[in-house]
Every structure is written in structure tokens, then in C-alpha cells.
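Quick note: residue numbers are just sequence positions, from 1.
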Amino acid sequence: MQAAAPYAMSQFGPGQTLVFAPLPKRPLAPHELRIRVLACGVCRTDLHVVDGELPHTVYPVIPGHEVVGRVDQLGSAVVDYAIGQRVGVSWLAETCGSCAYCRAQRENLCDSAKFTGYTRPGGFASHISMDSRFVIPLKADGDDAADAPLLCAGLIGWRSLERVSDARRVGLYGFGAAAHIALQLLRHDGREVYAFTRLGDSASQEFARSLGAAWAGSSEEPPPHLLDAAIIYAPVGALIPAALAAVRRGGRVVCAGIHMSDIPSFAYDLLWGERELVSVANVRRADAPAFFAAAEKAGVHTHITSYPLIDAARALADLRGGRLQGAAVLIP
């Protein structure tokens, strides 16, 4: 799709349809740069934004936080990037840099953080402006569409895997973009992976087995062996007691999504036995170099379905309806 001026797919109110609109013009701040978007992955968090499930959304909003592009304009104070350089944009767009969390290398928990495609304009657009200090340098010759899901699905998967680093049998609940990347990293480490999908989703189960899952089945089924750990990527609170029941004593359940439906009450016996329930929130800038090195070493290959940017609503609908294997990617 060609356009004479910068443009975006914007939502102008809660639950409204994304519409094609001119991108508002504004001068770059000294530390900002402008990026011409080459590909933008579609994340489940984008669904939470457009469905009005996250608080403090300011409209109009431009979703999208898995951006691959090239720098096309520099702010006056930017010295670390060059015009034409290939870069990535992820969820974390800004932090205060001075609070206790930021000083402790836990900037993902900063109370003043801003997030791409949620509290700052995102990548469902031809261009995006970002604080250069939160931009990720990428290899010059990568595959733009294939790399886009790595910038959130990959990074949040990496953070969740760090919480289960000593687990040999790992269950993944919700086999979408993040899980299909995490599975490849786990298999490269020689670990057993058990994939849990929606009831009757034989296509996703077969997809998981094709990537090396030791077992794949419905989240309503118990696995054939007790797990050392489980990671929940699906935004379904009812999966927490199911996952606790599937892990051994001393095991850990990690909740890796930004939003989840209410957790039903469950018997204390599911938590007893020193099982742990923890969450992973957002990402840090320091996660990117470690993850990309590990992904390259493991030969991670993302499975994508591409859509033109104008079809962003269709991509979101396919994600919502569970009609994707791997990740959706928008191409301006």
C-alpha cells in the first residue's frame, strides 16, 4: 500500500474499529529518532488494547509493539544510530531511570514506564518515533517479517524461561507466538516440552509436535508426567489451578501475560508442597542482547502469517479466533 504521507491504523475509542488515518506530525525530541516501519508483529496484548481490557488507554491509540524498521530521521542528541540503520522497537518505550526499580536493573517495574502501542503510539503505522535509548539495534540483513515477533513474543518468552531455568519438563499453556519460540529454545537445551492448547485445537497440537514437543493436548487434560514447571501464555485465569495440578511438589507456575481473566478459587492443596506461582511483567532493555544471541544459537525460526497493514483488524480477528499457527505480522 502506497501513501504520500505517514499513516497509521488508529482506534479512536474503546471497542471501535481500527481506521486508516494520517499519522499526526510532531517534531522529534532531542533523544528521539523516527523509524520507517518495515514489519510489525501482532501480539495478544494488542488485542487487550483494542478490546479495552487494559486501564488508562488514551485514544486515539495506535497499537503495535513488535516493530522492525529503518531509521529515517534523527533527533539532535542522537549519536548511536545512523540514517538507514535497521532497528527494532519493543513494548518498553520509556522509564524514569531514577526510581528504586530502575536503579536495581528492574526497569520493567518502573511506575512511570510508558509502553509502545498502548501509552505511546505504536507500530501499526508507516512510521514510529521512539526514544533512541529504548530502540534495539538489529542485524543489517535479517528477515523483517520473521524478526518482528521476536521483539515481544520472543522477549517475554525469554523472560519467562529465565524463571524456569532449572526445569527439565516444562509445560506451555496457550500455544501461540510466544510459546512456539519458547519451545524451540527449550528443545535446543534438551528439555522436554508439553504443549497445552484449546480443547479440540488439533492443528496447534500438531504444530507443537512438529517443533519437537514431547506431548501436546488440551489444557483440560493432565500431562502424562508431572511437570517441573509450567508457563501460562494464554490470558485465562482458569489455567492457573490446572497448571498447579500438573506440576510436581516444589514446581513453579509462571504467568507471562499482561492481562488475565479472573482466577477461580482453588483448594490450598494445589499450592501446598512448596509449589510457586509467579508472574513476569514487561521486558527490560537488557533482555534483548541475551535473547537474540540465544535465539541465533538455537536457530529459532518464527512461523508467521503476513497481512497488509490495512488488514490489521482481520489479523487481530484471526488471533482472537485462534486461527493462527505462530504469529501474525503486518506489512505497511
Side-chain angles (χ1 to χ4, degrees), residues 1 3 6-26 28-29 32-73 87-95 108 113-136 138 144-145 147-156 177 257-259 282-283 285 288 307-316 319-320 327-332:
M1 179 172 57
Y7 56 91
M9 298 301 295
S10 301
Q11 186 184 40
F12 288 84
Q16 293 183 5
T17 301
L18 288 167
V19 297
F20 179 81
L23 193 64
K25 293 182 179 181
R26 64 172 181 81
L28 292 178
E32 286 187 317
L33 47 77
R34 193 177 79 158
I35 300 163
R36 179 170 59 89
V37 177
L38 301 175
C40 183
V42 180
C43 177
R44 184 163 291 278
T45 301
D46 297 320
L47 276 182
H48 299 319
V49 170
V50 302
D51 289 347
E53 294 174 328
L54 299 186
H56 313 305
T57 303
V58 178
Y59 298 92
V61 61
I62 303 170
H65 56 274
E66 297 179 334
V67 179
V68 175
R70 291 193 181 273
V71 178
D72 77 351
Q73 189 176 340
V87 296
V89 173
S90 188
W91 175 243
L92 188 66
E94 183 181 327
T95 61
N108 56 305
K114 294 184 179 179
F115 303 102
T116 314
Y118 172 33
T119 54
R120 284 186 58 120
F124 284 19
S126 63
H127 297 75
I128 183 172
S129 297
M130 282 289 297
D131 186 325
S132 64
R133 294 165 293 189
F134 289 82
V135 171
I136 301 169
L138 297 178
D144 300 326
D147 286 351
L150 300 177
L151 288 155
C152 182
L155 284 169
I156 202 67
I258 192 172
H259 172 80
N282 309 315
V283 296
R285 284 172 285 181
Y307 300 76
L309 178 60
I310 197 70
D311 285 343
R314 180 164 63 90
L316 288 165
L319 175 59
R320 184 185 290 106
V329 177
L330 302 176
I331 308 296

Asks: Can you name the nearest heavy-atom pair linking Pro332 to Ala125, along with the distance?
Replies: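 Pro332 and Ala125 have their closest heavy atoms at CG-O, 3.6 Å.
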Asks: Asp51 side chain to Glu53 main-chain N or O, any donor-acceptor pair under 3.5 Å?
Replies: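 Flag not set: sc Asp51 to bb Glu53 has no pair under 3.5 Å.
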Asks: Quick check: does any side chain N or O of Thr116 sit under 3.5 Å from a backbone N or O of Ser90, one acting as donor and the other as acceptor?
Replies: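 Yes, Thr116 side chain to Ser90 backbone: donor-acceptor pair under 3.5 Å.
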Asks: Can you name the closest pair of heavy atoms from Gly41 and Phe124 and give their distance?
Replies: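 The pair with the smallest heavy-atom distance is O-CE1, 4.0 Å.
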Asks: Return the minimal non-hydrogen interatomic distance between Leu316 and Leu18, and the atom names on each side.
Replies: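 Here Leu316 and Leu18 meet closest at CD1-CD1, 3.6 Å.
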Asks: Does Glu94 use its side chain to pair, donor to acceptor, with the backbone of Lys114 at less than 3.5 Å?
Replies: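 Checking the backbone N and O of Lys114 against the side chain of Glu94, no donor-acceptor pair under 3.5 Å is found.
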Asks: Nearest 0.5 angstrom please: Glu66 CD to Leu150 CG, how far?
Replies: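 Between atom CD of Glu66 and atom CG of Leu150 there are 8.5 Å.
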Asks: Might you point out which heavy atoms bring Tyr118 and Val61 nearest each other, and give the distance in Å?
Replies: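 Heavy atoms of Tyr118 and Val61 come nearest at O-CG2, 3.8 Å.
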Asks: Roughly how far apart are Ile128 CD1 and Leu33 CG, rounded to 0.5 Å?
Replies: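 Separation between the atoms: 10.0 Å.
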Asks: Nearest 0.5 angstrom please: Leu155 CG to Leu92 CG, how far?
Replies: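 Spacing of CG (Leu155) from CG (Leu92) equals 10.5 Å.
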Asks: Who are the side chain to side chain contact (heavy atoms under 4.5 Å, CB included) partners of Arg34, not counting sequence neighbours?
Replies: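 Residues passing side chain to side chain contact (heavy atoms under 4.5 Å, CB included) with Arg34: Pro6, Leu28, Asp72, Gln73, His127, Ser129.
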Asks: Donor-acceptor pair, distance only, cut-off 3.5 Å: does the side chain of Arg285 make one with the backbone of Arg133?
Replies: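 Yes, because the side chain of Arg285 sits within donor-acceptor range (under 3.5 Å) of the backbone of Arg133.
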Asks: Report yes or no: does Gln11 contribute a side-chain atom to a donor-acceptor pair with the main-chain N or O of Gln16 at less than 3.5 Å?
Replies: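 At least one qualifying donor-acceptor pair exists.
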Asks: Could you state the interatomic distance from OG (Ser126) to CG (Leu38), rounded to the nearest 0.5 Å?
Replies: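 If I round to the nearest 0.5 Å, the distance is 11.0 Å.
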Asks: Just by distance, do the side chain of Thr95 and the backbone of Ala113 share a donor-acceptor pair under 3.5 Å?
Replies: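 No; zero donor-acceptor contacts below 3.5 Å.
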Asks: If you measure from OG1 on Thr119 to NE2 on His56, what distance do you get to the nearest 0.5 Å?
Replies: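 It comes to 10.5 Å.
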Asks: Please find the pair of heavy atoms, one from Leu330 and one from Pro308, that lie closest to each other, and give the distance.
Replies: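 Smallest interatomic distance, heavy atoms only, reads CD2-O, 4.1 Å.
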Asks: To the closest 0.5 Å, what do you measure between CG (Leu54) and OG1 (Thr45)?
Replies: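 The OG1 atom of Thr45 is 7.0 Å from CG of Leu54, to the nearest 0.5 Å.
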Asks: Measure across Val329 and Ala39 and return the closest heavy-atom pair with its distance rounded to 0.1 Å.
Replies: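 Answer, listing the atom of Val329 first, then Ala39: CG1-CB, 3.9 Å.
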